[in-house]
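This report refers to the structure that appears directly beneath it.
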Amino acid sequence: MIPRYQRILFWSLFAGIFLMSAFLLRGCQQAHKRLAALNDATPIAAPTATSTEDVTLYLANDTDASITPTTESLALPQAPSLRARTLLDHLLSAYSLPTSKHPLQSGLAVDDVFLLNEPANTPDRPSTSSSETSSPQARQLAIVNLRGSFVDNHPSGIQVEALTLQSIIGTLHAALPEVTSIRFLVDGQPHDTLAGHADLLRTYPAVDTTVHPAPPTETPQL
Amino acid sequence: MTLPAKPIAARLLLALLTSLAALPASAQQPLPRTVIFLDPAHGGSDPGARLSDNLPEKTVTLSFAARLRSALSASGFSVITTRDSDPSAAFTTDQRAEIANHSHPTACLILHATAGGNGIHIITSDLAPPDDSYADTRHAIPWDTAQSASIPQSVALANTLGLALLHARLPVLLTRSSLRPLDNLTCPAIAIEIAPLTPDDGDTTPVSDANYQQQIAQAIATGLTTWRRNLGAPVGVTR
């Protein structure tokens, strides 16, 4: 006669074996599904065809303090803000190349570019009176939000800082003609200067900043 | 005792003739001294650019300002400076502009130094000259664009000093930039940024070199003398 406690132990062990088998079987099925999903080559979203386009970069040269427009082919997003930010990031990253004539430290420079519509009947200040006019309904203010790391590592000097700003302004003006004025922020806050000199608190007119400084002349200018 | 009438009359006549003779001389007295405003940039807690490991820009601008002040004084200019030492709390750019605008100088020179570039950079404000609607002097002058009305004179001043530096065989670049307090000044104003002298075939002369600074100071004094002569009569005089 088998004692009762032995029968209870036997059936308990048998039930345990059954439950463990079911648990392992279920785990194997789930693992198989996971691996099968990883091998699925179906694209999540249909790819968009991005074609390159010609853009004008206003490149600075420290040697002769010039700004020269240069045309390059780039693939840019269509959304204007994203487009402006991508363009400026490309421009400023070009200055970190070893062959750059306006060397800047590498790294991301622009956090965001915001485009705000300006009232059509706002009178220009004297400083912006020479800016090129566009249709009243298309006037926009571009706010370039620079990264603090970019500003902290920018070389300090009147000329070198002015060239960076002129390069940004000219490039934005060429890519987004509806932008008539440009302001700068650093990490989302107003900032006095770029690196101790060039004024970042004023609103700059968006104009063609091509410049090739001429030497002093003997002709009286008064 | 009676005084002799003839000698007294003769002395009175002589004094009268002497004073009459002195009249044309006083009409030809030297012109009032021309006032130049010097602003050695930065100072105090603002060191400016780091030109080398232990040479801040504020030190170079101060030493150059001292040399330029001596050269200008020797050329007959009166000089006003915003600092002749390194105070713990230097003037802000707005305060510097206020000092300059209240002293009505003939020319304002903002002094800077940099570690990049070559030679001397002469910078004028890149504000646009005022259009006709702002030509009326009865309008209040906006602080941020106060320099706008003086842009033509500032450009001419930059050209004159540029020529003087070229004659002294120093490389010069004339550029434009937006800079405080340059944009807030109502006088003909330029910023002078001294960069190292880097000739194609030779050693680089740092901005802290005394001879280099003296050469620049002397050339600027010569240029300002030409500028004063071209003006005909001084605009700002000592009060």
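Chain A is the first sequence line, chain B the second, and so forth, proteins listed ahead of strands; every chain is numbered from 1.
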Heavy-atom cut-off 4.5 Å, strictly under: side chain, backbone, both or neither for A/D64 against chain B?
backbone
Heavy-atom proximity to chain B below 4.5 Å, by part of A/A195
neither
Select one option (side chain, backbone, both, neither) describing which atoms of B/R176 are under 4.5 Å from chain A's heavy atoms.
backbone
Could you tell me which portion of B/S178 (side chain, backbone, both or neither) has an atom closer than 4.5 angstrom to a non-hydrogen atom of chain A?
both
Where do A/L104 and A/P155 come nearest, in terms of heavy atoms and distance?
CD2-CD, 3.5 Å
Looking at A/R202 and B/D126, is any side-chain nitrogen of the basic one under 4.0 Å from a carboxylate oxygen of the acidic one?
yes
Can you tell which part of A/Q166 gets under 4.5 Å to a heavy atom of chain B, answering side chain, backbone, both or neither?
side chain
Would you say the side chains of A/H173 and A/T209 form a donor-acceptor pair under 3.5 Å?
no
Could you check whether A/R183 makes a cation-pi contact with A/Y204, meaning its NZ or CZ is under 6.0 Å from the centre of the six-membered ring and within 45° of the ring axis?
no
Would you call A/K101 and A/D62 a salt bridge, taking side-chain N to carboxylate O under 4.0 Å as the test?
no
Chain A contact via B/L179 - which portion, at a heavy-atom distance below 4.5 Å:
both
Do B/D144 and B/R180 meet the salt-bridge criterion of a basic N to acidic O distance under 4.0 Å?
yes
Measure B/Q147 against the heavy atoms of chain A and call it side chain, backbone, both or neither at under 4.5 Å.
neither
Could you tell me if the side chain of A/L59 sits less than 4.5 Å from the side chain of A/H102, heavy atoms only?
no
I'd like to know if the side chain of B/E193 pairs up with that of B/H112 as donor and acceptor (distance under 3.5 Å, no hydrogens or angles considered).
no
By a 4.5 Å heavy-atom criterion (distance strictly below it), what part of B/I123 contacts chain A: side chain, backbone, both, or neither?
side chain
Specify which of A/P215, A/G196, A/P213, A/P103 makes the most heavy-atom pairs with chain B at under 4.5 Å.
A/P213
Among A/S156, A/P216, A/A198, single out the residue with the greatest number of heavy-atom pairs under 4.5 Å to chain B.
A/P216
Only pairs of heavy atoms separated by less than 4.5 Å count here; which of B/L174, B/T175, B/L166 has the most with chain A?
B/L174
